[in-house]
Protein chains: 2
Amino acid sequence: MAQKIKLSTIADALGVSTATVSLALRDSPLVADATRDRIKDHARAIGYIYNRRAASLRTSRSGIVGVVVHDIMNPFFAEILRSIESELDRSRQTFILSNHYDQLEKQRTFIDTLLQLGADGVIMSPAIGTPRDDIVMAEENGLPAVLIARTVEGAQVPVFRGDDAYGTGLATNHLISLGHKRIAMIGGTDQTSTGRDRYQGYVSAMEAAGLDIMPHWRIPGPRTKQAGFEAASRFLALKDRPTAACCWNDLVAIGLMNGIARAGLVPGVDISVTGYDDLEEAAIATPALTTVWNGQREVGRQAARALLDKLSGHAVRPSQELIKPELHVRQSTGKPVER
Amino acid sequence: MAQKIKLSTIADALGVSTATVSLALRDSPLVADATRDRIKDHARAIGYIYNRRAASLRTSRSGIVGVVVHDIMNPFFAEILRSIESELDRSRQTFILSNHYDQLEKQRTFIDTLLQLGADGVIMSPAIGTPRDDIVMAEENGLPAVLIARTVEGAQVPVFRGDDAYGTGLATNHLISLGHKRIAMIGGTDQTSTGRDRYQGYVSAMEAAGLDIMPHWRIPGPRTKQAGFEAASRFLALKDRPTAACCWNDLVAIGLMNGIARAGLVPGVDISVTGYDDLEEAAIATPALTTVWNGQREVGRQAARALLDKLSGHAVRPSQELIKPELHVRQSTGKPVER
DNA sequence: CTGAAAGCGCTTACAG
DNA sequence: CTGAAAGCGCTTACAG
């Protein structure tokens with residue numbers, strides 16, 4: 001590697017000061033057009049690389065935004081990330097990604113890293129059990145936070161997520177309107193706001209229709225395709241087996257349908273199944289999955305926008321506006337078939 | 001936000017120099033135990049946050065590693081990323097992730113960002129058309145690179161990937177041994193080394209068995225579940241329709257199977273299908289997918305190790321060792337059924 | 001429109 | 001074992 005090229009290398013070569021070079025490279029109107037062009041051309045010619053660490057040390061702005069979610073392998077988060085990415089790209093912010101796998105320690109380590117790097121902000125889907133103080137600490141140290149998908153009680157920050165109770169209500173009501181009376185709820189956890197809300201939506205819809213809710217019709221836990229697949233045998237062995245399953249998310253629903261098919265039954269005919277999220281793959285599952293659109297794109301876009309607004313000094317109120325989910329009916333639901 | 005706490009804040013409070021504080025916080029043996037403990041306790045008590053930008057500016061080591069792949073939403077890369085992540089975590093390196101979506105410009109922007117941040121290295125699955133010079137430029141500017149999944153002709157850097165030709169050979173031979181004579185190859189592109197190698201493996205196996213290879217039996221392009229799904233109708237309409245499909249990857253295979261099922265045929269019975277990669281979901285697909293294990297975990301682990309070795313000054317030879325794929329036979333393949 | 005100088009918060013020889 | 005001082009490469013008042 002040749003001698004490191006820096007601002008002063010350019011300044012010396014062109015007989016100007018580093019201040020002028022610095023301003024010219026950032027297109028400051030303070031520099032004469034001719035000077036600016038001469039500087040930029042030369043910089044490009046000799047392969048100058050801007051040192052962001054040095055600049056950031058001086059300005060205490062890093063151009064880095066952190067994003068931490070449960071697991072990027074989960075297509076739900078992957079879809080959100082895509083829209084965050086395209087939004088941040090537009091404002092030339094670099095983003096650093098991390099999974100916390102719902103481990104508080106991993107999340108804390110990551111936030112610490114962001115603080116050390118002087119990140120400008122963080123978008124997070126908080127790990128289970130995230131205390132309000134973790135968010136407060138970040139903000140007090142100059143790391144503004146925006147939450148997605150889950151909320152943290154008492155944290156005065158913007159949060160973008162869907163109306164989960166309303167969403168499972170849509171799915172459950174759809175099953176009820178088809179004539180189902182015994183409906184299971186598969187997957188999810190009470191440890192997150194999302195989990196509690198989705199379950200609540202199911203319960204409210206069942207109660208409103210005057211239907212019984214059997215505790216053993218709820219199989220909590222599954223959140224992945226694999227877990228949904230494994231839950232199928234438990235579901236199929238259920239006493240008074242339900243004719244329909246309202247699933248925590250699309251992954252669980254698709255896994256469950258695979259498990260049902262493996263057992264020789266036809267999902268969508270023998271057992272109705274609903275998902276949640278409307279992932280890209282819901283439409284091409286076999287059968288195509290009836291599910292609840294959860295606005296991943298919107299969540300990502302709005303969260304990124306809110307953070308960028310915050311960074312540019314606009315006041316962003318800690319909104320709790322929920323994105324309204326929509327039911328997308330496909331082939332995985334039908335009239336109940338009694339044995 | 002209170003007054004910024006820095007090394008000198010601690011030094012002043014404790015009546016020592018910043019040099020001593022700096023050394024103490026990094027557990028240098030040069031500092032007396034009592035002094036070190038006093039310093040570390042105080043630092044923790046007042047909530048000191050280490051400024052990595054300042055340190056990095058001074059040491060020109062950033063603790064940042066870049067990772068750029070085609071698309072993290074693709075489970076193939078997601079599985080690789082997981083093992084890279086766990087490997088880098090162990091050495092306390094932060095990693096920055098980016099998708100290039102096979103756009104050279106996006107990849108260049110990202111590499112530029114890494115250079116500006118003074119990243120220590122980059123692990124990349126190069127975008128289609130990546131010239132050797134892009135890699136050379138990065139290395140010359142102090143950003144060592146390690147390649148995964150794809151290679152770049154003439155780049156003198158380590159590359160970790162599977163033996164693709166051998167892998168599709170395994171799948172094709174498996175189909176041939178079941179009695180299939182008309183076998184299609186669905187998906188992939190000739191623009192990547194991976195694409196060429198996988199197609200070559202299929203061709204060689206067909207030729208070795210003395211079977212005809214019809215040009216129209218190849219449907220190039222698809223690399224996603226959605227595209228595989230859409231390819232099903234083209235495949236099913238094929239003249240002299242093949243009895244089996246050797247697919248570019250698991251996503252295409254699963255999509256194709258969904259499309260076949262949607263058309264009223266039974267994948268694994270009417271049409272045999274093989275995948276490639278052995279993603280986690282291959283085992284729970286319906287039917288369970290016969291596929292080629294491609295060692296994602298190994299690729300990620302080895303690539304991360306190689307980069308870390310390079311960073312700690314060990315010489316890493318530009319190896320081309322290929323990971324040996326393995327055939328995993330499941331239910332999506334069977335004897336041919338003639339119409 | 002341009003330049004000289006200070007300073008962001010660390011680490012590293014060097015001296016004692 | 002500890003301290004004084006220089007310097008990493010920028011940007012930003014300030015002066016002209």
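The chains referred to below are lettered A, B, ... by the order of the sequence lines, with proteins before strands, and numbering in each begins at 1. Everything numeric here is computed off the predicted structure, so don't read it as measured data.
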Distance-only donor-acceptor pairs under 3.5 Å for side chains of residues 112-120 of chain A, two or more places apart:
{"unit_1": "A/D112", "atom_1": "OD2", "unit_2": "A/Q116", "atom_2": "NE2", "d": "3.4"}
{"unit_1": "A/T113", "atom_1": "OG1", "unit_2": "A/T109", "atom_2": "O", "d": "3.0"}
{"unit_1": "A/D120", "atom_1": "OD1", "unit_2": "A/S62", "atom_2": "N", "d": "3.0"}
{"unit_1": "A/D120", "atom_1": "OD1", "unit_2": "A/S62", "atom_2": "OG", "d": "3.4"}
{"unit_1": "A/D120", "atom_1": "OD2", "unit_2": "A/R61", "atom_2": "NH1", "d": "3.4"}
{"unit_1": "A/D120", "atom_1": "OD2", "unit_2": "A/G63", "atom_2": "N", "d": "2.7"}

**Message:** Output the rounded distance in Å from CG (B/D12) to P (C/dC10).
**Reply:** 12 Å

**Message:** If I take atom OH in residue A/Y50 and atom P in nucleotide D/dC10, what distance separates them, rounded to the nearest angstrom?
**Reply:** 8 Å

**Asked** Rounded to the Å, how far apart are A/D27 CG and D/dT11 P?
**Response** 13 Å

**Asked** By side-chain contact (heavy atoms from CB on, under 4.5 Å), which residues pair with B/A303, not counting sequence neighbours?
**Response** B/I123, B/V146, B/I148, B/F160

**Request:** Taking A/S125 for its side chain and A/V69 for its backbone only, find out whether a donor-acceptor pair lies under 3.5 Å.
**Result:** no

**Asked** Can you name the salt bridge (Lys or Arg N to Asp or Glu O under 4.0 Å) partners of A/R52, sequence neighbours left out?
**Response** none

**Asked** Rounding to a whole Å, what distance do you find between B/R52:CZ and C/dC8:P?
**Response** 22 Å

**Request:** Send over the distance from A/I5 CD1 to D/dG9 C1', rounded to a whole Å.
**Result:** 14 Å

**Prompt:** Of all residues at least two apart in sequence or in a different chain, which pass the side chain to side chain donor-acceptor pair (under 3.5 Å) check with A/T35?
**Reply:** none

**Message:** With a 4.0 Å limit, can you tell me whether A/S22 has a side-chain N or O closer than that to the phosphate oxygens OP1/OP2 of D/dC10?
**Reply:** no

**Fill in**
Residue pairs meeting salt bridge (charged side-chain N to carboxylate O under 4.0 Å, His left out), one or both in residues 124-138 of chain A, sequence neighbours left out, come to A/R108-A/D134

**Prompt:** With sequence neighbours left out, which residue pairs that include part of residues 24-35 of chain B fulfil the salt bridge (charged side-chain N to carboxylate O under 4.0 Å, His left out) condition?
**Reply:** B/D27-B/K40, B/D33-B/R36

**Asked** Residues in salt bridge (Lys or Arg N to Asp or Glu O under 4.0 Å) with B/D71, at least two apart?
**Response** A/R82

**Message:** Can you list everything that forms a side-chain contact (heavy atoms from CB on, under 4.5 Å) with B/A145? Sequence neighbours excluded, please.
**Reply:** B/V122, B/I135, B/E139

**Strand-adjacent residues in residues 55-63 of chain B, judged by heavy atoms under 4.0 Å from DNA chain D** = B/L57, B/R58

**Request:** Please state how far atom NZ in A/K4 lies from atom C1' in D/dG9, giving the value in whole angstrom units.
**Result:** 10 Å

**Message:** Among residues at least two apart in sequence or on other chains, which ones pass salt bridge (Lys or Arg N to Asp or Glu O under 4.0 Å) with A/R44?
**Reply:** A/D41

**Asked** Does the side chain of B/R53 get closer than 4.0 angstrom to OP1 or OP2 of C/dC10 through an N or O atom?
**Response** no

**Request:** For DNA chain C, list all stems, counting runs of three or more consecutive pairs where every pair is Watson-Crick or G-U wobble with both distances under 3.5 Å.
**Result:** C:1-3 with D:14-16, C:5-12 with D:5-12, C:14-16 with D:1-3

**Asked** B/F77 vs B/H70 aromatic rings, parallel, tilted or perpendicular, using cut-offs 30° and 60°?
**Response** tilted

**Request:** Could you state the atom-to-atom distance from CG of A/L117 to P of C/dG9 in whole Å?
**Result:** 16 Å

What's touching nucleotides 1-4 of chain C from the protein side, N or O pairs under 3.5 Å?
{"unit_1": "C/dT2", "atom_1": "OP1", "unit_2": "A/T35", "atom_2": "OG1", "d": "2.8"}
{"unit_1": "C/dT2", "atom_1": "OP2", "unit_2": "A/A32", "atom_2": "N", "d": "3.1"}
{"unit_1": "C/dT2", "atom_1": "OP2", "unit_2": "A/T35", "atom_2": "OG1", "d": "3.4"}
{"unit_1": "C/dG3", "atom_1": "OP2", "unit_2": "A/S17", "atom_2": "N", "d": "2.7"}
{"unit_1": "C/dG3", "atom_1": "OP2", "unit_2": "A/S17", "atom_2": "OG", "d": "3.3"}
{"unit_1": "C/dG3", "atom_1": "OP2", "unit_2": "A/T20", "atom_2": "OG1", "d": "2.8"}

**Prompt:** B/L25 has an atom CG; how far is it from atom P of C/dT11, in whole Å?
**Reply:** 8 Å

**Request:** Would you tell me if any nitrogen or oxygen in the side chain of B/Y48 comes within less than 4.0 Å of OP1 or OP2 on C/dC10?
**Result:** yes

